[in-house]
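Letters go in sequence order (proteins before strands), and every chain restarts at 1. All heavy atoms count here, side chains included; hydrogens, waters and symmetry mates do not.
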Amino acid sequence: MSAWPHARVELIEEQQRLGALEPPAWRFRRGARVGAVFVCFARGGTGPGNTGDAAWAAASVGDEAVVVPGRAGAPYEAGLLALREGTVLEAAVRALTQPPDVLLVDGTGRDHPRRAGLALHLGGVLDLPTVGVTHRPLAAEGEWPADERGARSPLLLAGELVGYWLRTRAGTRPLAAHAAWRTDAGTAAEAVLSTCRARTPEPLREARRRAREARAAPVRR
DNA sequence: GCGACAG
DNA sequence: ATCTTGTCGC
């Protein structure tokens, strides 16, 4: 239904539009249902992949998890992740019986050349608050926080606080928690930390596990 | 021109 | 994201 752009120029225009919007802020509350979505692709070499690569996207919230098959819309390209993953990620979240209150997405949000990374874009399409989670920032910069669970330090992009380096567990690399659709950096950090036992938030771990499990299944169609 | 560059 | 062995630590 929703139109994920298939052309680079169209995505860029959509990102400019989304990045300029100011949707109402959503605040994290204890007890909020935090879900996540994750996509993996067919094995077969390193690099950016290709259009049409087999994909499996999983969405997870609470006790429910769903997996949908799909295809990559494009090769990976920094700043244009939505071309590759948007369609299949949306399908997975829509397959959930009940959507979460806030969705964790593997990608940035405000930390983006046009202030509209995949996490923000997906939230806009789904009309769902989102938070981005990545191993490192895309365009923002910031020093690492202390090596102590919960420690955070600002990720700044042209003076804007777009996220936090967040130490989700002592002794491990911090994660980047990104402000995205209807969320600010503080809310992003709270949502991520509230669901962290291991370094990676539990809903994201579960979605990742389910997606890879589906990819490994003997029967594919 | 060269390197960097979410997943 | 994916390709990959061993290795260090709790």
Side-chain angles (χ1 to χ4, degrees), chain A residues 4-5 8 11-12 14-15 18-19 36-59 67 69-93 103-124 130-142 147 149 155-158 160 162-166 169-181 183 185 188 192 197-201 204-205 207-216:
Chain A
W4 288 91
R8 307 171 84 255
L11 175 60
I12 288 169
E14 180 65 357
Q15 289 173 337
L18 285 167
V37 65
F38 177 89
V39 60
C40 65
F41 298 93
R43 299 171 177 279
T46 182
N50 296 288
T51 300
D53 287 345
W56 292 265
V67 184
R71 296 280 172 182
Y76 165 77
E77 188 175 342
L80 303 175
L81 195 51
L83 289 179
R84 181 165 175 79
E85 304 183 352
T87 301
V88 65
L89 290 178
E90 180 193 353
V93 178
L103 182 74
L104 307 182
V105 182
D106 254 305
T108 69
R110 296 289 299 171
D111 173 17
H112 184 275
R114 292 167 289 281
R115 306 300 188 272
L118 179 57
L120 185 148
H121 194 151
L122 184 61
T130 52
V131 163
V133 180
T134 64
H135 295 302
R136 60 180 191 268
L138 175 57
E141 297 179 346
D147 186 10
R149 185 181 195 275
L155 282 168
L156 298 174
L157 180 57
E160 178 184 348
V162 297
Y164 282 110
W165 271 126
L166 178 63
R169 183 177 175 136
T172 65
R173 258 186 75 97
L175 288 179
H178 298 269
W181 186 250
T183 58
V192 169
R197 289 190 304 165
R199 174 180 180 244
T200 304
L204 212 40
R205 293 179 74 197
R208 175 180 286 132
R209 190 182 71 76
R210 298 296 293 253
R212 288 177 172 167
E213 180 179 82
R215 178 177 63 184

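- In this model, the phosphate group of dA6(B) is not approached by any side-chain N or O of Arg84(A) to a distance below 4.0 Å at OP1 or OP2.
- Among the atoms of the strands shown, none is found under 4.0 Å from any heavy atom of Gly132(A).
- Among the atoms of the strands shown, none is found under 4.0 Å from any heavy atom of Gly49(A).
- The nearest whole Å value for the distance from the NE2 atom in His135(A) to the P atom in dC5(B) is 15 Å.
- A donor-acceptor distance shorter than 3.5 angstrom exists from the side chain of His112(A) to the backbone of Gly79(A), with no hydrogens or angles considered.
- When heavy atoms are screened at a 4.0 angstrom cut-off, Pro137(A) is found touching the sugar-phosphate backbone but no base atom.
- When atom types are taken as modelled, the side chain of Arg110(A) and the backbone of Gly19(A) share a donor-acceptor pair closer than 3.5 angstrom.
- The nucleotide whose nearest atom lies closest to any side-chain atom of Leu138(A) is, among dA1(C), dG7(B), dC5(B), dC5(B).
- Nucleic acid contact for Thr108(A): base, since at least one base atom lies under 4.0 Å from a heavy atom of the residue.
- In this structure, Arg208(A) reaches the dA1(C) phosphate: one of its side-chain N or O atoms is under 4.0 Å from OP1 or OP2.
- As rounded to whole Å, 13 Å separates atom C1' of dT2(C) from atom CH2 of Trp56(A).
- The distance between atom CD of Glu77(A) and atom C1' of dG7(B), rounded to the nearest whole Å, is 12 Å.
- With distances taken from any side-chain atom of Cys40(A) to the nucleotides dA6(B), dT2(C), dG7(B), the minimum falls on dT2(C).
- Put simply, CD on Glu141(A) is 10 Å from P on dC5(B), counting in whole angstrom units.
- Within a 6.0 Å sphere centred on CZ of Arg149(A), heavy atoms belonging to other residues, nucleotides or ligands number more than 12.
- Note on Leu120(A): nothing from the nucleic acid sits closer than 4.0 angstrom, heavy atoms only.
- Annotation: Glu213(A), atom CD; neighbour count of heavy atoms from other residues, nucleotides and ligands within 6.0 Å is above 12.
- Side-chain proximity of Arg136(A) to the nucleotides dG7(B), dT2(C), dA6(B) is greatest for dA6(B).
- Between Arg71(A) atom CZ and dG7(B) atom P the separation is 24 Å, expressed in whole Å.
- Distance Leu83(A) CG to dG7(B) P: 17 Å, rounded to the nearest Å.
- As rounded to whole Å, 15 Å separates atom P of dT2(C) from atom CG of Asn50(A).
- Counting any heavy atom pair closer than 4.0 Å across all strands shown, Phe41(A) reaches sugar-phosphate atoms only and no base atom.
- Each of Asp106(A), Thr130(A), Leu89(A) was compared with Val37(A) under the side-chain contact (heavy atoms from CB on, under 4.5 Å) criterion, and only Leu89(A) meets it.
- Across all strands, His178(A) comes closer than 4.0 Å to no nucleic acid atom at all (heavy-atom distances).
- The interatomic distance linking Asp111(A) (CG) with dC5(B) (P) rounds to 12 Å, in whole Å.
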